[in-house]
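Before I ask anything, here is the structure I am working with.
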Amino acid sequence: QKMIFTTLPRPVFAPPYEPIPGNVRFYYDGKQMKLSPEAEEVATFFAKMLDHEYTTKDIFRKNFFKDWRKEMTPEEKAKITDLSKCNFTEMSVYFKAQSEARKQMSKDEKLENERVLQEYGFCVMDNHKERIANFRIEPPGLFRGRGDHPKMGMLKRRIRPEDVIVNCSKDSKHPKPPPGTKWKEVRHDNKVTWLVSWNENIQGSIKYIMLNPSSRIKGEKDWQKYETARRLKKCVDRIRNQYREDWKSKEMRIRQRAVALYFIDKLALRAGNEKEEGETADTVGCCSLRVEHINLYPEKDGQEFVVEFDFLGKDSIRYYNKVPVEKRVYKNVQLFMENKQPEDDLFDRLNTSILNKHLQELMDGLTAKVFRTYNASITLQQQLKELTNPDENVPAKILSYNRANRAVAILCNHQRAPPKTFEKSMQTLQTKIDAKKDQLSDARRELKSAKADAKVRRDEKSKRAVEAKKKAVERIEEQLMKLEVQATDREENKQIALGTSKLNYLDPRISVAWCKKWEIPVEKIYNKTQREKFAWAIDMADDDYEF
DNA sequence: CGTTTTACTTAGCAATAAACGT
DNA sequence: ACGTTTATTGCTAAGTAAAACG
């Protein structure tokens with residue numbers, strides 16, 4: 001079905017551990033101590049993170065210490081019994097110096113990186129040379145879970161060739177394992193797209209090496225995704241009418257299904273699969289919402305029937321929203337919450353599997369996540385129509401584009417931590433704007449006097465001078481406008497990440513068509529990587545493309 | 001059929017590269 | 001040319017959903 005012929009390079013393994021020099025010491029309880037290489041390596045993982053907040057967290061320290069002790073010799077184990085008595089600062093200083101040094105002599109390293117990329121970064125699939133996304137096998141280190149993860153700090157083990165499964169066609173010559181080693185398995189499964197896999201020891205999940213988003217196989221999949229969303233567009237009215245009817249159903253499971261679907265559609269919530277308790281951070285999506293995540297207000301801030309959501313979603317990003325809903329939805333949620341404890345499931349008769357089976361019956365290929373894609377893309381299209389002003393210049397139009405993009409990011413709750421340097425960078429930008437304003441008033445004054453001069457002299461030379469000054473004023477006005485637009489854009493973007501929606505939710509043909517329609521170079525919207533990923537769309541869409 | 005496993009997409013942050021101002 | 005700021009790329013965790021299993 002998928003792979004026909006593949007020439008696959010060997011995955012790049014993490015470099016072997018290099019012991020630190022003897023003058024970089026570790027202290028336990030104030031006394032210097034030479035660690036065995038195994039224990040030392042794990043210690044360096046911790047030392048490298050010393051500046052990070054992780055190392056102050058109890059769970060992180062506890063998990064790290066437990067796993068570290070496993071790597072110690074019996075003597076070390078007997079001696080090192082308290083993490084707070086460990087002093088890693090010399091190691092930490094050493095690694096900081098190392099990375100500083102690496103920055104300096106990066107000329108050769110850049111060349112070396114390029115060589116590694118050329119040798120290991122590409123494979124041939126279906127006679128096309130394709131870029132591999134992650135051709136380096138993940139190095140050992142300490143697990144950094146997001147949010148309140150019970151496993152943070154655990155030791156992520158080193159992956160050896162014996163852990164690795166290689167997948168390629170039978171007739172292709174598979175890559176040789178490094179000398180003196182063996183692969184775990186060489187597989188020929190052309191029903192899947194991964195090239196290499198291994199088992200990870202923290203969650204027990206499988207990790208894969210796959211192709212870059214620019215590859216044919218990923219591009220086609222991406223295109224299909226948006227085609228499914230466009231098919232939803234054609235029947236979404238029918239589906240909405242259907243779930244509104246189902247709010248009145250006699251059956252609880254149908255009412256729950258209908259209300260959940262309404263939230264997924266209206267608020268672009270994720271499906272919310274069940275998760276194993278205690279294995280991951282406690283986060284939820286729509287189907288896994290609990291009573292404690294919801295508050296109901298018959299009336300709030302002048303609106304009736306308000307549902308307040310407050311929960312941690314994917315990556316432990318908080319979702320907080322107050323939404324006025326139809327009375328019928330409100331009454332249903334009230335019903336679902338009756339006689340329940342805060343930690344009980346809101347939708348106790350529903351899960352993602354039940355919901356998706358229902359959706360499959362409503363439309364071929366329909367699942368909960370299609371609503372997110374559909375609503376994101378249709379919102380972009382609408383917003384672009386609304387916000388683009390034909391009379392404005394290119395930077396202003398791009399601001400409008402970013403605003404449309406931002407509306408989607410807000411809908412999808414794509415947040416980011418405000419950049420550490422945000423306030424400062426806003427300030428420098430403001431300084432620039434002020435300087436530009438001064439420059440502009442100077443230029444205007446000069447223009448005025450040039451005009452006066454020309455009026456008196458009435459010669460060609462002074463006329464040309466007026467023209468030149470006029471040009472200068474216009475140029476500065478444009479520069480000022482650009483800066484002001486930039487400031488607005490940045491301010492509005494403080495806590496919002498545009499990248500995720502741009503890359504994963506917005507049909508790129510909408511953006512390409514918009515660029516063509518308003519004669520905006522597509523490079524203003526998509527950088528090089530993005531243009532490679534969306535090559536199919538840039539190729540395909542005309543200025544009149546409708547999602 | 002419920003549970004587990006597998007395969008793939010989506011996600012934010014960190015590291016690195018490029019652009020910018022001096 | 002250099003140091004600083006901003007944009008891009010890399011990394012890998014954390015989701016969704018379907019297949020496989022018992």
Side-chain angles (χ1 to χ4, degrees), chain A residues 2 48-49 51-52 54 99 102-103 106 109-110 113 117 121 133-139 141 143-147 149 151-152 156 165 167 189 191-194 197 199-200 202-213 217-218 221-222 224-225 264 270-276 279-281 283-288 312-317 351-357 359-360 365-373 376 409 412-417 419-422 424-425 428-429 431-432 435 486 490 495-505 526-530 532-533:
Chain A
K2 280 159 184 169
K48 282 177 182 167
M49 293 180 69
D51 287 341
H52 206 288
Y54 273 119
S99 69
R102 204 145 25 86
K103 268 181 216 157
S106 66
E109 293 213 348
K110 237 187 261 175
N113 277 349
L117 173 66
N134 52 327
F135 58 89
R136 291 173 202 274
I137 287 180
E138 294 174 21
F143 177 74
R144 303 151 88 117
R146 317 268 173 86
H149 198 116
K151 297 193 173 185
M152 61 167 76
K156 210 169 83 165
I165 304 174
N167 186 40
D189 183 352
K191 300 286 181 292
V192 297
T193 66
W194 56 269
S197 76
N199 276 275
E200 163 269 352
I202 305 290
Q203 320 265 11
S205 65
I206 308 169
K207 299 270 191 165
Y208 302 95
I209 292 182
M210 293 187 193
L211 291 186
N212 197 71
I217 207 162
K218 293 287 184 191
K221 209 64 192 300
D222 209 32
Q224 266 183 31
K225 174 179 79 183
I264 285 170
R270 296 190 184 82
N273 284 318
E274 291 112 305
K275 310 169 69 184
E276 218 174 329
E279 295 290 299
T280 61
T283 63
V284 297
C286 185
C287 293
S288 51
L312 297 181
K314 182 177 180 177
D315 292 315
S316 295
I317 298 292
N351 60 40
T352 54
S353 161
I354 294 170
L355 178 62
N356 281 334
K357 268 189 197 111
L359 293 176
Q360 196 59 242
L366 186 60
T367 62
K369 83 199 258 294
V370 178
F371 282 87
R372 245 168 106 81
T373 312
C412 294
N413 200 39
H414 291 142
Q415 298 189 29
R416 64 167 184 174
K420 295 237 187 311
T421 55
F422 184 83
K424 210 177 86 187
S425 85
T428 40
L429 190 54
T431 312
K432 265 197 216 170
Q486 201 186 347
R490 194 181 293 176
Q495 307 207 58
I496 296 162
L498 300 188
T500 303
S501 52
K502 202 175 193 178
L503 235 50
N504 300 300
Y505 288 102
Y526 292 136
N527 68 31
K528 185 167 140 283
T529 317
Q530 296 170 156
E532 280 166 11
K533 168 167 172 156

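Below, chain A is the first sequence line, B the second, and so on; all start at residue 1.
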Practice task
For Lys225(A) and Thr373(A), work out which heavy atoms get closest and say how close.
Solution key: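 Residues Lys225(A) and Thr373(A), closest heavy atoms: CG-CG2, 4.4 Å.
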Handout entry: Contact check, side chains of Tyr208(A) and Val192(A), non-hydrogen atoms, under 4.5 Å
Key =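 No, too far: nothing below the 4.5 Å cut-off.
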Polar atom pairs (N or O), protein with nucleotides 4-6 of chain B, under 3.5 Å:
none

Practice task
Answer whether the closest heavy-atom distance between the side chains of Ile317(A) and Asn413(A) falls below 4.5 Å.
Solution key: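 Sidechains of Asn413(A) and Ile317(A): in contact.
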Handout entry: Pairwise 5' ranking along DNA chain C for Phe135(A) and Arg146(A), keeping only the more 5' one
Key =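 The answer here is Phe135(A).
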Exercise for the section: Please report, rounded to the nearest Å, how far the P atom of dG12(B) is from the CG atom of Leu503(A). Expected result: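 Those two atoms, CG and P, are 12 Å apart.
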Handout entry: 5' priority, DNA chain B, between Ala417(A) and Thr373(A) [closest heavy atom]
Key =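 Final value for this comparison: Thr373(A).
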Exercise for the section: Quick one: closest heavy-atom pair of Met210(A) and Asn134(A), and the distance? Expected result: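 Taking Met210(A) first and Asn134(A) second, the nearest heavy atoms are N-OD1, 3.3 Å.
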Handout entry: Whole angstrom value for the distance that separates C1' of dT12(C) from CD1 of Ile209(A)
Key =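 Answer to the nearest Å: 13 Å.
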Handout entry: N or O in side chain of Gln415(A) less than 4.0 angstrom from dG12(B) OP1/OP2
Key =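 Answer no for this pair, as no side-chain N or O of Gln415(A) is under 4.0 Å from OP1 or OP2.
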Exercise for the section: Please name the pair of heavy atoms, one in Asn273(A) and one in Ser288(A), separated by the smallest distance, quoted to 0.1 Å. Expected result: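 Smallest interatomic distance, heavy atoms only, reads O-OG, 4.0 Å.
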Practice task
Report yes if a side-chain nitrogen or oxygen of Arg490(A) is closer than 4.0 Å to either non-bridging phosphate oxygen (OP1 or OP2) of dT6(C); otherwise report no.
Solution key: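 For Arg490(A), the contact criterion (side-chain N or O under 4.0 Å from OP1 or OP2 of dT6(C)) is met.
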Problem - Whole angstrom value for the distance that separates P of dA14(C) from CG of Asn504(A) - result: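 It is 17 Å, rounded to the nearest whole Å.
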Handout entry: Side-chain N,O (Arg144(A)) to OP1/OP2 (dA11(B)) below 4.0 Å
Key =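 Result: no.
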Problem - Partners meeting salt bridge (Lys or Arg N to Asp or Glu O under 4.0 Å) with Lys151(A) (sequence neighbours left out) - result: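 Partners of Lys151(A) by the salt bridge (Lys or Arg N to Asp or Glu O under 4.0 Å) criterion, ordered by chain and then number, come out as Glu279(A).
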Handout entry: N/O (side chain, Asn113(A)) to phosphate O (OP1/OP2, dT16(B)) under 4.0 Å
Key =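 Checking Asn113(A) against dT16(B): no side-chain N or O falls below 4.0 Å of OP1 or OP2.
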Exercise for the section: Could I get the full list of salt bridge (Lys or Arg N to Asp or Glu O under 4.0 Å) partners for Arg146(A), not counting sequence neighbours? Expected result: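 Partners of Arg146(A) by the salt bridge (Lys or Arg N to Asp or Glu O under 4.0 Å) criterion, ordered by chain and then number, come out as Asp315(A).
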Practice task
Starting at atom CD of Glu138(A), determine the distance to atom C1' of dG10(C), rounded to an integer number of angstrom.
Solution key: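 After rounding, the gap between these two atoms is 12 Å.
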Exercise for the section: Assign Lys218(A) to base, sugar-phosphate, or nothing according to its heavy-atom contacts below 4.0 angstrom with the strands shown. Expected result: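 Answer is sugar-phosphate: Lys218(A) comes under 4.0 Å of backbone atoms only.
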Problem - Per Arg136(A) side chain, nearest of listed nucleotides dT12(C), dC11(C), dC8(B) - result: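 Selected nucleotide: dC11(C).
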Handout entry: dA13(C) phosphate, OP1 or OP2, under 4.0 Å from Lys156(A) side-chain N/O
Key =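 Affirmative; the distance criterion is met.
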Practice task
Can you tell me the distance, in whole Å, between the CG atom of Asn134(A) and the P atom of dT10(B)?
Solution key: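 Interatomic distance, CG of Asn134(A) to P of dT10(B): 16 Å.
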Exercise for the section: State whether His52(A) places a side-chain N or O below 4.0 Å from either non-bridging phosphate oxygen (OP1 or OP2) of dC13(B). Expected result: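 It does not, given that no N or O in the side chain of His52(A) lies less than 4.0 Å from OP1 or OP2 of dC13(B).
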Practice task
Output the single nucleotide from dC13(B), dT8(C), dA11(B) whose closest atom is nearest the side chain of His414(A).
Solution key: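 Out of dC13(B), dT8(C), dA11(B), the nucleotide with an atom closest to His414(A)'s side chain is dA11(B).
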Handout entry: Qualifying residues under salt bridge (Lys or Arg N to Asp or Glu O under 4.0 Å), relative to Glu138(A), sequence neighbours excluded
Key =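 Checked Glu138(A) against salt bridge (Lys or Arg N to Asp or Glu O under 4.0 Å); matches are Lys156(A), Lys207(A).
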Handout entry: Annotated protein contacts, base or backbone, on nucleotides 15-22 of chain C with a non-hydrogen cut-off under 4.0 Å, one of B, S, - each
Key = SBBS----
Handout entry: Atom pair distance, as rounded to whole Å: NZ in Lys528(A) and C1' in dT8(C)
Key =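 It works out to 10 Å between those atoms.
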Handout entry: Nearest-Å distance for atom pair NZ/P, residues Lys191(A) and dC8(B)
Key =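 Nearest whole value for this atom pair: 12 Å.
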Practice task
Look at the side chain of Lys221(A) and decide which nucleotide, out of dT12(C), dA7(B), dC8(B), has an atom nearest to it.
Solution key: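 In terms of side-chain proximity for Lys221(A), the closest of dT12(C), dA7(B), dC8(B) is dC8(B).
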Practice task
Return the stems involving DNA chain B, sorted by first number, where pairs are Watson-Crick (N1-N3 with N6-O4 or O6-N4) or G-U wobble (N1-O2 and O6-N3), both under 3.5 Å, and runs are 3 or more long.
Solution key: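 Stems found: B:1-22 with C:1-22.
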Handout entry: Check: Leu355(A) and Ile264(A) side chains under 4.5 Å, non-hydrogen atoms
Key =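 They are in side-chain contact.
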Practice task
Identify the two heavy atoms, one from Ile206(A) and one from Ser197(A), that lie closest to each other, and give their separation to 0.1 Å.
Solution key: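 Heavy-atom minimum between the residues: CG2-CB, 3.9 Å.
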Practice task
Taking all heavy atoms of Thr283(A) and all of Ser316(A), pick out the closest pair and write down the distance.
Solution key: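 Looking at all heavy atoms of both residues, the closest pair is CG2-OG, 3.6 Å.
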Exercise for the section: Ignoring backbone atoms, test whether His149(A) places a side-chain nitrogen or oxygen under 4.0 Å from the OP1 or OP2 oxygen of dA13(C). Expected result: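 The answer is no; no side-chain N or O of His149(A) sits under 4.0 Å from OP1 or OP2.
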Exercise for the section: Classify the nucleic acid contact of Pro139(A) as base, sugar-phosphate or nothing, counting any heavy atom under 4.0 Å across all strands shown. Expected result: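 Contact class for Pro139(A): sugar-phosphate only.
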Handout entry: Sugar-phosphate, base or nothing in reach of Arg416(A), heavy atoms under 4.0 Å
Key =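 Touches sugar-phosphate only.
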Handout entry: Distance in angstrom units between Lys207(A) NZ and dT10(B) C1', rounded
Key =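 From Lys207(A) NZ to dT10(B) C1': 14 Å.
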Practice task
Look at Lys151(A) and dA13(C) and indicate whether a side-chain polar atom (N or O) is within less than 4.0 Å of OP1 or OP2.
Solution key: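 No, outside the criterion.
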Problem - Test item: Asp222(A) side-chain N/O and Lys218(A) main-chain N/O as donor-acceptor pair under 3.5 Å - result: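 The answer is no, because no donor-acceptor pair under 3.5 Å joins these two groups.
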Exercise for the section: Please answer whether the main-chain N or O of Gln495(A) pairs with a side-chain N or O of Gln415(A) as donor and acceptor at a distance below 3.5 Å. Expected result: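 No; zero donor-acceptor contacts below 3.5 Å.
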